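Just follow the structure's listing: the first ligand is 1, and inside any ligand the first atom is 1. What you are looking at is a predicted structure, and each value in this text was computed from that prediction instead of being measured.
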Amino acid sequence: MNLVVQKFGGTSVKDAERIFNVARIITETYQKGNNVVAVVSAQGDTTDDLIAKAEEINPNASKREMDVLLTTGEQISMSLLAMAIEKMGFPVISLTGWQAGFLSDSTHGAARIRRINKERIDHELTKRNIVIVAGFQAINRYDDLTTLGRGGSDTSAVALAAVLHADLCQIFTDVDGVYTADPRFVKTARKMDEITYDEMLELASLGAGVLHNRSVEMAKKYNVNLEVLSSLTKNPGTKIKEVVKLEKMLVRGVARDNDVVRISIVGVPDQPGFAFKIFSQLAAKKVNVDIILQSIGRDGTKDISFTVSRSHKDLAVSLMEEINDRLGGKGILCDENISKVSIVGAGMQTNPGVASKMFEALAEANINIQMISTSEIKISVLVALADSDKAVNAIHDAFDL
Ligand code: ADP
Ligand code: ASP
Ligand code: MG
């Protein structure tokens, strides 16, 4: 008997009608003779609403209590979905993350799955029950509730597919699959039939929110047969796998990430060991630094700029102020109105024309590039937030995606 893991995101379960729609997808899969484990997210904007409720009470609430609150969203969806499936006359049971055996580390709000004890799920599947599991949540070794980071239900689903050796892991969402850019604001974006784990991992890490990046990392590691498709249409989705049919396409897709802040420390002494001072301080406080730019020394001083996510802004600025005061620098600049726009494609590593084509597209759209960063399969540029949509569309057009 085949085992299929199906994951349904917030929009797919947002109200009673959508829940019955999902119940139909699950029971049809079950009736074809498959075992089904379904992972659900919180309904619609529930997670955002819960965060807003917490802010009203205590904007500095502990991460532990935030996790206690946020896990309730998924518990609502899982029970409602199980009730719908019961009503349709199928054997079903819903399980919270801990009931389903999810154990994580203790990083509240961004926990990593350590292991999954699969006895309970195996037992339910042997009884031919449909199993509904709350995504996004686990417990740590002290039995405290944890969450896996925004969008983390994808990772719950892929992790389950890996430990249960599922034949297929389907991520159902509100778009037909993975597109060459976010179809919400690039009207000419095209759905891809397939994409490699590596390319998908870059796209997800660079801001394409359609899949949680850790879910892709895990799918690659355990060779999970992964597919993204719509819960609202019957269109074929996008398959994510190790190798795909060779296409002439050098660039696969365009992604953007607005969760970036640029911090600069200006006019510090141009001496050895300075970059080390800055970045070791940031690392010690677990601040992830992305793009780094250092100016060449002039009159014995230099500037260093780097980007961090918004949540790390305050901490990074205060660390830099301390260093600036200590070394007699000329001060700190912080720009929050920026956006990182990236292109991704395995084909670009052997093709020197890709970068210049990207920069040409931006030049023609009169968009200033503030910083650039490249790797074998991606190029990222920092632009003004106000130019972000225009930049994505200009680049998407230039590469004829
Ligand atoms: P879910 O609630 O199902 O997890 P998400 O909102 O997390 O759904 O992810 C789906 C959304 O991802 C789409 O509505 C789309 O706007 C966005 N998205 C961003 N980049 C892409 C892309 N390259 N392809 C498809 N969707 C994308
Ligand atoms: N409900 C969680 C969130 O909104 C997890 C998820 O949707 O995957 O981030
Ligand atoms: Mg999601």
Applying a 4.0 Å heavy-atom criterion (strictly less than), which segment of V210 is in contact with ligand 1: side chain, backbone, both, or neither?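 Looking at V210 and ligand 1, atoms from backbone and side chain both fall under 4.0 Å.
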Is the contact between A255 and ligand 1 made by the side chain, the backbone, both, or neither, using heavy atoms and a 4.0 Å cut-off?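 The answer is neither; A255 stays 4.0 Å or more away.
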Pairs of nitrogen or oxygen atoms closer than 3.5 Å, one from T47 and one from ligand 2: do any exist?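 Such a contact does occur with ligand 2.
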Indicate yes or no: at least one non-hydrogen side-chain atom of V37 is less than 4.5 angstrom from one of E124.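 A side-chain contact is absent here, since even the closest heavy-atom pair is not under 4.5 Å.
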Please indicate whether any nitrogen or oxygen in [X] is less than 3.5 Å from any nitrogen or oxygen in ligand 1.
X: D182; answer: yes
X: G10; answer: yes
X: T180; answer: no

Kindly indicate whether a cation-pi arrangement holds for R114 with F102, taking the cut-offs as under 6.0 Å to the six-membered ring centre and within 45° of the axis.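 No, R114 does not sit over the ring of F102.
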Distance under 6.0 Å and angle within 45° of ring axis: R128 vs Y30: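 Verdict for Y30: a cation-pi partner in R128.
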State whether a side-chain donor-acceptor pair under 3.5 Å links [X] with [Y].
X: T147; Y: D67; result: yes
X: S94; Y: S79; result: no
X: T233; Y: D176; result: yes
X: T301; Y: D299; result: no
X: T155; Y: H212; result: yes
X: S215; Y: D154; result: no

Would you please test I25 and Q6 for side-chain contact (heavy atoms from CB on, under 4.5 Å) and show each step? CA-CA 9 Å; I25 296 175; Q6 300 183 317; 4.1 Å; yes
Per-atom contacts of ligand 1 with [X], taking only distances under 4.0 Å to non-hydrogen atoms:
X: V178; result: 24 (N)
X: A208; result: 20 (N)
X: K7; result: 4 (O)
X: D174; result: 10 (C), 11 (C), 13 (C), 14 (O)
X: T173; result: 1 (P), 3 (O), 8 (O), 9 (O), 10 (C)
X: A181; result: 22 (C), 23 (N)

Can you give the donor-acceptor pairs under 3.5 Å from side chains of residues 365-373 to other protein atoms, not counting sequence neighbours?
from	atom 1	to	atom 2	distance (Å)
Q370	OE1	R262	NH1	2.9

Taking atom NZ as the centre, does K187 end up with more than 12 heavy-atom neighbours from other residues, nucleotides or ligands that are less than 6.0 angstrom away?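 Yes, NZ of K187 has more than 12 neighbouring heavy atoms, counting only those of other groups under 6.0 Å.
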Looking only at protein heavy atoms, which one is nearest to [atom], and what is the separation?
atom: atom 4 (O) of ligand 2; value: R150 NH2, 2.9 Å
atom: atom 14 (O) of ligand 1; value: R184 NH2, 2.7 Å
atom: atom 7 (O) of ligand 1; value: G209 O, 3.6 Å
atom: atom 24 (N) of ligand 1; value: Y179 N, 2.9 Å

Looking at R64 and D144, is there a salt bridge between them, counting it only when a charged N and a carboxylate O are closer than 4.0 Å?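 Yes.
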Backbone of T71 reached by a side-chain donor or acceptor of Q137 within 3.5 Å: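 It does hold such a pair.
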Where does H212 meet ligand 2, judged by heavy-atom distances below 4.0 Å: at the side chain, the backbone, both, or neither?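 Neither part.
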S41, portion touching ligand 2 at heavy-atom distance under 4.0 Å: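 The answer is the side chain.
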Does [X] reach ligand 1, in the sense of a heavy atom lying below 4.0 Å from it?
X: G177; answer: yes
X: G151; answer: no
X: H212; answer: no
X: S12; answer: no
X: G253; answer: no

Min heavy-atom dist G135 to ligand 2 below 4.0 Å: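 Flag not set, G135 not near ligand 2.
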Does G151 have a non-hydrogen atom less than 4.0 Å from ligand 2?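 It does; at least one heavy atom falls under 4.0 Å.
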Stepwise, does the side-chain hydrogen bond (donor to acceptor under 3.5 Å, both in side chains) test hold for R326 with N324? CA-CA 5 Å; R326 195 146 34 89; N324 181 70; over 6 Å; no
Can you name the atoms of ligand 2, numbered from 1 with element, that are less than 4.0 Å from a heavy atom of E74?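 The atoms of ligand 2 under 4.0 Å from a heavy atom of E74 are 1 (N), 2 (C), 5 (C).
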